[in-house]
Amino acid sequence: MIPEHVVIDDKSGLMTPNTGRYRKRLSELRGLFQDAQVLEAEIRTKGDPVVYEVIEYKKGGSDLFFGTTAILPGKVNGEYYMTRGHFHKRRDMGEVYYTRNGAGILLLESPDGETSVIEMRPGTCAFIAPNWAHRSINIGAESLVFVWVCSVDAGHDYGQIVRTGMRKIVVEREGKVAVLDNPGVVP
Ligand code: PAN
Ligand code: ZN
């Protein structure tokens with residue numbers, strides 16, 4: 001292996017060169033948002049918009065990899081666009097999220113239900129401690145772009161969050177951002 005570098009466009013999250021990328025559209029995020037009916041209507045009327053894009057840089061044999069996530073601005077009946085959220089398969093492995101553009105909330109949750117909220121602004125570098133589930137949410141009018149770095153072995157465990165949701169939801173209420181208890185999660 002040899003040292004290399006990439007160039008990241010902070011506004012869009014485009015990373016050049018990269019080794020892979022994927023997009024998630026609303027139709028692939030069914031079950032994530034509170035209002036399933038409005039979600040279906042948005043898919044029909046807005047042509048199944050992209051919610052977020054992940055671009056990565058991974059070299060075979062390395063211990064680390066990194067990439068960008070760009071979450072577009074948008075809401076589903078007041079609930080802001082977000083990522084799926086996950087624990088790492090390797091619960092002993094954390095991550096770093098370095099925000100480069102926009103405004104967001106990093107929602108974290110421990111296995112025993114403790115919650116932590118970190119504001120994401122350009123310059124915020126968040127330490128995601130091992131064994132905390134993490135989801136990022138775009139609460140602004142621009143793309144929320146952050147750079148993430150973690151171990152190639154960390155992996156994703158989406159199961160628990162898909163089954164139970166996270167304990168908090170982030171919505172717009174009377175023109176303001178509100179972090180509320182998820183009515184679907186029994187405390
Ligand atoms: C990030 C996330 C990325 C997309 O690279 O995977 O932001 O979020 P979801 O995977 O929850 O849909 C990361 O935390 N990797 O470990
Ligand atoms: Zn992660």
Side-chain angles (χ1 to χ4, degrees), residues 6 8-15 18-33 39 48-59 62-74 76 79-111 115-122 124-140 142-170 182:
V6 303
I8 292 170
D9 177 57
D10 284 346
K11 285 263 169 228
S12 66
L14 187 62
M15 191 170 76
N18 61 71
T19 60
R21 57 200 288 181
Y22 69 85
R23 285 177 167 163
K24 286 286 171 198
R25 295 179 178 274
L26 262 189
S27 62
E28 298 168 276
L29 301 173
R30 287 188 167 100
L32 205 62
F33 294 89
L39 181 112
D48 198 10
V50 172
V51 176
Y52 63 94
E53 180 169 31
V54 178
I55 305 180
E56 69 174 39
Y57 184 87
K58 192 181 210 169
K59 286 280 155 163
S62 175
D63 56 340
L64 286 175
F65 80 128
F66 62 91
T68 60
T69 299
I71 309 177
L72 292 153
V76 176
E79 191 176 15
Y80 295 100
Y81 278 8
M82 60 181 137
T83 58
R84 288 165 290 179
H86 58 271
F87 281 96
H88 289 156
K89 261 193 199 132
R90 282 282 306 265
R91 298 291 181 115
D92 58 332
M93 291 184 168
E95 189 162 1
V96 171
Y97 274 18
Y98 183 34
T99 304
R100 306 303 303 141
N101 191 68
I105 284 180
L106 176 57
L107 194 59
L108 300 119
E109 193 172 304
S110 73
T115 291
S116 171
V117 171
I118 295 179
E119 214 187 315
M120 300 173 84
R121 292 270 174 202
T124 310
C125 191
F127 167 55
I128 299 170
N131 211 11
W132 282 76
H134 41 287
R135 164 182 286 166
S136 39
I137 299 140
N138 184 351
I139 58 167
E142 297 177 36
S143 282
L144 174 68
V145 176
F146 59 93
V147 176
W148 47 268
V149 185
C150 67
S151 163
V152 293
D153 295 326
H156 296 94
D157 173 3
Y158 294 104
Q160 189 180 322
I161 304 296
V162 168
R163 279 192 302 277
T164 61
M166 290 187 81
R167 283 171 187 251
K168 301 284 179 190
I169 57 171
V170 184
N182 182 350

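One is the number of the first residue; the rest follow in order along the sequence. Basis for what follows: all heavy atoms, side chains included, without hydrogens, waters or symmetry-related copies. All ligand and atom numbering here is 1-based and tracks the order in the structure.
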Is Ser136 in polar range of ligand 1, meaning some N or O pair under 3.5 Å apart? no
[atom2] on [Y] to [atom1] on [X], rounded to 0.5 Å:
X     : Y      : atom1 : atom2 : result
Tyr81 : Leu29  : OH    : CG    : 9.0 Å
Phe87 : Leu108 : CZ    : CG    : 10.0 Å
Leu72 : Arg25  : CG    : CZ    : 10.0 Å

Between Glu56 and Asn18, does any side-chain donor sit less than 3.5 Å from a side-chain acceptor? no
What do we get for [X] next to ligand 1 when only non-hydrogen atoms under 4.0 Å count, side chain, backbone, both or neither?
X      : answer
His88  : side chain
Lys24  : neither
His156 : side chain
Phe146 : side chain

SB check Arg121 Glu119 (cutoff 4.0 Å):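 Answer for the salt bridge query: yes.
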Between Glu109 and Lys168, is there a side-chain N and carboxylate O pair less than 4.0 Å apart? no
Looking only at protein heavy atoms, which one is nearest to [atom], and how far off is it?
atom                    : value
atom 16 (O) of ligand 1 : Glu95 OE1, 2.8 Å
atom 10 (O) of ligand 1 : Tyr158 OH, 2.5 Å
atom 2 (C) of ligand 1  : His86 CE1, 3.7 Å
atom 5 (O) of ligand 1  : Trp148 CE2, 3.2 Å
atom 8 (O) of ligand 1  : Thr83 CB, 3.3 Å
atom 1 (C) of ligand 1  : Tyr97 OH, 3.5 Å
atom 7 (O) of ligand 1  : Thr69 OG1, 2.8 Å

Measure centre to centre between the rings of Phe65 and Trp148, then say whether the value is under 6.0 Å. yes
Output yes if Cys150 passes the N/O/S-under-2.8 Å test against the Zn ion (ligand 2); output no otherwise. no
Metal proximity, His134 vs the Zn ion (ligand 2), N/O/S cut-off 2.8 Å: yes
Which angle, to the nearest 10 degrees, do you find at the Zn ion (ligand 2) between NE2 in His88 and NE2 in His86?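 It rounds to 110°.
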Has Ala154 got any heavy atom lying under 4.0 angstrom from an atom of ligand 1?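 Per 4.0 Å heavy-atom rule, Ala154 does not contact ligand 1.
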Does the pair His134 and His86 meet the rule for a side-chain hydrogen bond (donor to acceptor under 3.5 Å, both in side chains), with working shown? CA-CA 6 Å; His134 41 287; His86 58 271; 2.9 Å; yes
Numbering the atoms of ligand 1 from 1, which are under 4.0 Å from a heavy atom of His134? 14 (O)
Which of the atoms of ligand 1 are close to Tyr52, meaning less than 4.0 Å from one of its heavy atoms?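 Those atoms are 4 (C), 9 (P), 12 (O).
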If we check salt bridge (Lys or Arg N to Asp or Glu O under 4.0 Å) with Asp157, which of these qualifies: Arg91, Arg84, Lys89, Arg90?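 Going through the options one by one, the only one that passes is Arg91.
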Minimum heavy-atom separation for Gly140 to Pro73, with atom names? O-CB, 3.6 Å
Ser12 and Asp9: which non-hydrogen atoms are nearest, and at how many Å? OG-OD2, 2.6 Å
Does Ile71 form a side-chain contact (heavy atoms from CB on, under 4.5 Å) with Met82? I'd like the steps, not just the answer. CA-CA 7 Å; Ile71 309 177; Met82 60 181 137; 5.7 Å; no
With carbon and hydrogen excluded and only N/O/S kept, which atom of Glu95 is nearest the Zn ion (ligand 2)?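 Result: OE1.
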